[in-house]
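What follows is a structure written as structure tokens; I'll ask about it next.
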Amino acid sequence: MSPEAHSAPRSLAEALRARDDSSLAALLRSRPDLVTPVPTDLTQLATRAGTRASVLRALERLDRFALQTAEALAVAPDPASYDTLLGLMAGDAGDPAVAGALPRALGTLREQALVWGGDDRLRLVRTAREVLAPSPQHPSPTGLGPTVREATSGMSPGRIQEIVTTAGLPSTHDSVSAVTALTALFTHRKKLARLLGQAPEAAREVLSRLVWGPPYGQVTADPAAHLRWLLDRGLLLPTAPGTVVLPREVALHLRAGRAHRAAEPLPPAVTPAATHSARVVDATAAGQAYTALATVEELLKEWDEGGPAVLRAGGLSVRDLKRTAVALDVSEPVAAIWVELAYAAGLIATDGEADERYAATPAYDEWLEQPPAERWVRLAQAWLAATRTPGLVGGRDAKDRTLSALGPGLDRSAAPEVRHRVLSLLAGLGPGAAPDAESVLARLRWERPLRGGRRDDEEDLRSRLARWTLSEAELLGLTGRGALSSHGRALLGAPPAADPGPSTAGAPGAGPSTAGGGHGADAAPADAAPADAAPADAAGTGAPGRPVSGGPGDKLPVHRHRVPDRLAPPSGPEQAVAGAAAARLLAPLLPEPLDHVLLQADLTAVAPGPLRRPLADMLGVLADVESKGGATVYRFTPASVRRALDAGRTAADLHAFLTEHSRTPVPQPLAYLIDDVARRHGRLRVGAASAYVRCDDDALLNEILADKRAAALRLRRLAPTVLAAPADPATLLEGLRAMGYAPAAESAEGDVLIARAHAHRTPPRTAPEPVPEGPPPPDATLLAAAIRAIRAGDLAATTPRKPVGEPLAGGELPRTSSAETLATVQAAVLTGDSLWIGYVNAEGAASQRVISPVRVEGGFVTAYDHTADEVRTYPLHRITGVAELAED
């Protein structure tokens, strides 16, 4: 190893320069905002990694213990040693769990370029220190206040000398040495303990109230004796009129060296609330999956001829959502879930007409042709990836506007991550184990704590996302009885698990699943990496001599069932493979569609299970659904039979249909109902006159004219067999049917019009794209290309070169005349040497490059560009200057 690898880096850029490619790839993968656009060199990468927006984004994705470690470094001396950091985290008494987990947390901070330097000189990046360090405007999560030096920065020299003298220290000649002496007193445990031992009891009570924060207190212009005693000795220091603060050094002494009241090195375990047989879970989940398919189908049938109108601001109106909920026989929040799920899967969209409405898309017809298990997979994968959050429907946005289903403002970029993480935690519990919801929320809060305390809106959103995930997964059939199903596990890409045995209560001691210990996903923190994946110490990312893999996973009990801690969401080919595996597992569990019903004498038909689509469609026209559940009950009424006749069926067709598909004989009342309605159907003919009624039976027309209910239709006789009305034909049809008649519509030629439903489809539409949370993670190809470009750019920026001509101000690029540039390049072609050039492209952007010239002709130089890793041709007039590389 070269001597440079052992030298301490002087900046974050130097620390990054010492990393290998795998470590740089880990940095860019964990902080994808750094690679968009690709930095030109490592100095620019370090600069971008230290910007406030990027640092805040990185801090927000730390787990609680890694964030506590960063907060401790923010109140530690800069730089700090590893032992100092360990003392702040574990305290004077030490804590084996903290000591075991600290290398992992420090490795995470180093990997994400939030901390750099060796173990003897740990440095938190300046922006992170500014964000996490305590200040009067932004108190530290540690509850610590400013140091003695910071608190006395505006104090008069005379007052500082008085404090030093009263504290029992000799006076000094200047304020700097006085503050240094006072700091030394407060950081010396024995001397400070003797000083505090002399404090009045009331003074010690004041310190105990401030020790864990907030460290600020109020005093009067004439403080009490015990407060005066603390002020005179600098144990409380004034920061503003009437305000005092407890110095950080004193607080750390009273805390026994701990920066946090309670360090949390181990993630809270996700505990099972109950354990069921895996077969029961799969059967329950499959039943829910079938119900989900049936509900989405029913929703799309409701909107088949054109759904509700689109609000001016977008989305469904409250009234339309209520109507949809009634049609689906569910509550309005559940109806919003189904509507949003169909939208996310690309099955419904707006039709784009002038009177814009929601309607099914052409993809819906394709979806109907797929096997049921594949249709379910499409819905489940759309739900997993969707950022739209139906649980927000009915709430208010930032402008106090109501959030509507299918409307704007429902996207929450954290939703896919939370959904996938919750289901991953369920997969870690093992087969048949249903989690305790509160333990899931506690685990998620540990993995993604909120900086600067908990704001109600953010905390509430993440908690609600987790709760909605648990309920929606059950509704969709990913879970059954609260436990992850086998097809749900396959959809996540988790390994299959064996059935733990018969159903047991979720009581302590009921089996391995109820131990409350680390089950797979609980065995390591959220961002923990395997030991063999820890960055090399030479790259400045490890803790030499300490077990990088030592972490929470080493402290939790080991169980038979284990899954990876972080299940990466399947994507691309992996997603297709996972979907196919889930469909294979679900298909045998779904009920087979039936081709028969049971007709009963009370004019009802019972479908003991799901029906094949042609049978279900026809029965849906001929009868009305009376109740749903394990069996569906249909009721035959005169209106429903007339509906089938209007659709072009004859009485003979209906008799044949029922005889073919009923396992019981067709009841006589049902046969009489069909014949009676068919006999009266079409005796009256309605056309446009605006509308007319004609009938061969003039007595029937007399009966209609004499009926008082016909007054609103304003009928008049045109002939013995013809009546006319100013209403349109549709209104006249509905009016006569409301009076108990069964008229049929006819065309201008006198033919009976068959009333068939006309399916309304939108133009081809794509499913809504999820709204990502920041830049998407780069793939392996982009990472490799980015690292190659950064390395090449860094080579161009840092390679030693011989000075030629007069450099620009600052020395960034060389300036040489055209003749000097041509002569140097021609010489490099002959010798095969590499050159450092300044180049301005056609857009006027300047860059520096390291090239190896191949030939010079026609005013162009052809060379291998080490920065771009390819052969390129450069116009000589765009080269600002050239310099030879210095010999090594």
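Count residues from 1 along the sequence. In this text, all values refer to a predicted model and were calculated from it rather than measured experimentally.
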Leu88 side chain reached by Thr142 side chain, heavy atoms, under 4.5 Å: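 Contact flag for Thr142/Leu88 side chains = no.
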
- Do the side chain of Arg110 and the main chain of Gly117 share a donor and acceptor less than 3.5 angstrom apart? yes

d(Arg448 CZ, Arg61 CZ) to nearest 0.5 Å is 4.5 Å

request  = Evaluate side-chain contact (heavy atoms from CB on, under 4.5 Å) for Leu252 paired with Phe186, printing each intermediate quantity in order.
outcome  = CA-CA 9 Å; Leu252 287 173; Phe186 289 168; over 6 Å; no

When rounded to the nearest 0.5 Å, the distance separating CD of Glu71 from CG of Leu144 is 10.5 Å

Answer yes or no: is there a side-chain heavy-atom contact under 4.5 Å between His253 and Thr187?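 No, too far: nothing below the 4.5 Å cut-off.
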
Discussion item. Using a 3.5 Å distance criterion without hydrogens, assess whether the side chain of Ser439 forms a donor-acceptor pair with backbone atoms of Thr271.
Written reply: yes

Quick one: does any side-chain atom of Thr243 pair with a main-chain N or O of Thr239 as donor and acceptor, under 3.5 Å? no

Closest heavy-atom pair, Ala46 versus Leu12, reported as atoms and distance to 0.1 Å, is O-CD2, 3.8 Å

Gap separating the CG atom of Asp63 from the CD atom of Glu447, nearest 0.5 angstrom
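One gets 8.0 Å once the value is rounded to the nearest 0.5 Å.
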
Handout entry: Check: Thr84 and Leu122 side chains under 4.5 Å, non-hydrogen atoms
Key = no

For Ala66 and Ala105, work out which heavy atoms get closest and say how close.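 Minimum heavy-atom contact is CA-CB, 4.0 Å.
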
_Please find the pair of heavy atoms, one from Ala434 and one from Leu429, that lie closest to each other, and give the distance._
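Heavy atoms only, the tightest pair is C-CD1, 4.4 Å.
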
_Donor-acceptor under 3.5 Å (Arg443 side chain, Pro267 main chain)_ = no

Output for pair (Thr469 OG1, Leu444 CG), nearest 0.5 Å, gives 8.5 Å

- Query: Is the side chain of Arg64 donor-acceptor paired with the backbone N or O of Arg445 at a distance under 3.5 Å, no angle test?
  - Reply: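 Checking the backbone N and O of Arg445 against the side chain of Arg64, a donor-acceptor pair under 3.5 Å is found.
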
Q) So, His260 side chain and Gln68 main chain: donor-acceptor pair closer than 3.5 Å or not? A) yes

* Asked: Going by heavy atoms in the side chains, are Tyr82 and Leu102 under 4.5 Å from each other?
  -> yes

- Does the Arg255 side chain pair with the main chain of Arg261, one donor and one acceptor, at a distance under 3.5 Å? no

Checklist entry - Under the side-chain contact (heavy atoms from CB on, under 4.5 Å) criterion, do Arg467 and Leu441 qualify, and how do the steps go? => result CA-CA 8 Å; Arg467 293 187 187 277; Leu441 298 182; 3.1 Å; yes

task = Decide yes or no for Leu230 and Leu207: does some side-chain heavy atom of the first lie under 4.5 Å from some side-chain heavy atom of the second?
result =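 When only atoms from C-beta onward are counted, Leu207 and Leu230 do touch, with a gap below 4.5 Å.
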
For the atom pair CD (Glu111) and CG (Leu24), what is the distance rounded to the nearest 0.5 Å?
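Output value for this atom pair is 11.0 Å.
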
Donor-acceptor contact below 3.5 Å, side chain Arg248 vs main chain Gly145: yes

Would you say Arg189 has more than 12 foreign heavy atoms packed within less than 6.0 Å of its CZ?
yes

task: Please determine, by modelled atom types, if Asp779 and Thr781 share a side-chain donor-acceptor pair under 3.5 angstrom.
output: no

Worked check of salt bridge (charged side-chain N to carboxylate O under 4.0 Å, His left out) between Asp78 and Arg126:
CA-CA 10 Å; Asp78 186 29; Arg126 183 175 58 184; over 6 Å; no

* Calculate, to the nearest 0.5 Å, the distance between atoms CG and CG belonging to Asp119 and Leu86 respectively. =>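 Here the interatomic distance stands at 11.0 Å.
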
Any donor-acceptor N/O pair, Thr127 side chain to Gly50 backbone, under 3.5 Å
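Here the side-chain-to-backbone pair exists.
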
Practice task
Decide yes or no on side-chain contact (heavy atoms from CB on, under 4.5 Å) for Leu182 and Glu249, but give the supporting numbers first.
Solution key: CA-CA 10 Å; Leu182 191 61; Glu249 295 85 353; over 6 Å; no

Within the distance-only criterion (no hydrogens, no angle test), does the side chain of Thr108 pair as donor or acceptor with the backbone N or O of Arg104 below 3.5 angstrom?
yes

Closest non-hydrogen atom pair, Pro435 against Leu426
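Looking at all heavy atoms of both residues, the shortest contact is CG-CD1, 3.5 Å.
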
Ser54 and Arg31: side chain donor to acceptor below 3.5 Å: yes

Margin query: Run the side-chain contact (heavy atoms from CB on, under 4.5 Å) test on Val125 and Val115 for me, step by step, so that the C-alpha distance in whole Å, both residues' side-chain angles and the decisive distance to 0.1 Å come before the verdict.
Written below: CA-CA 6 Å; Val125 295; Val115 170; over 6 Å; no

Nearest heavy-atom contact between Thr387 and Ser413 is CG2-CA, 4.2 Å

Do Leu27 and Arg19 come within less than 4.5 Å of each other through their side chains, counting heavy atoms only? yes

Q) Are any non-hydrogen side-chain atoms of Ser153 and Glu150 less than 4.5 angstrom apart? A) no

Note: Arg129 and Leu73 closest approach over all heavy atoms is NH2-O, 2.9 Å

Discussion item. Less than 4.5 Å apart, side chain to side chain, heavy atoms only: is that true for Ile790 and Val38?
Written reply: yes

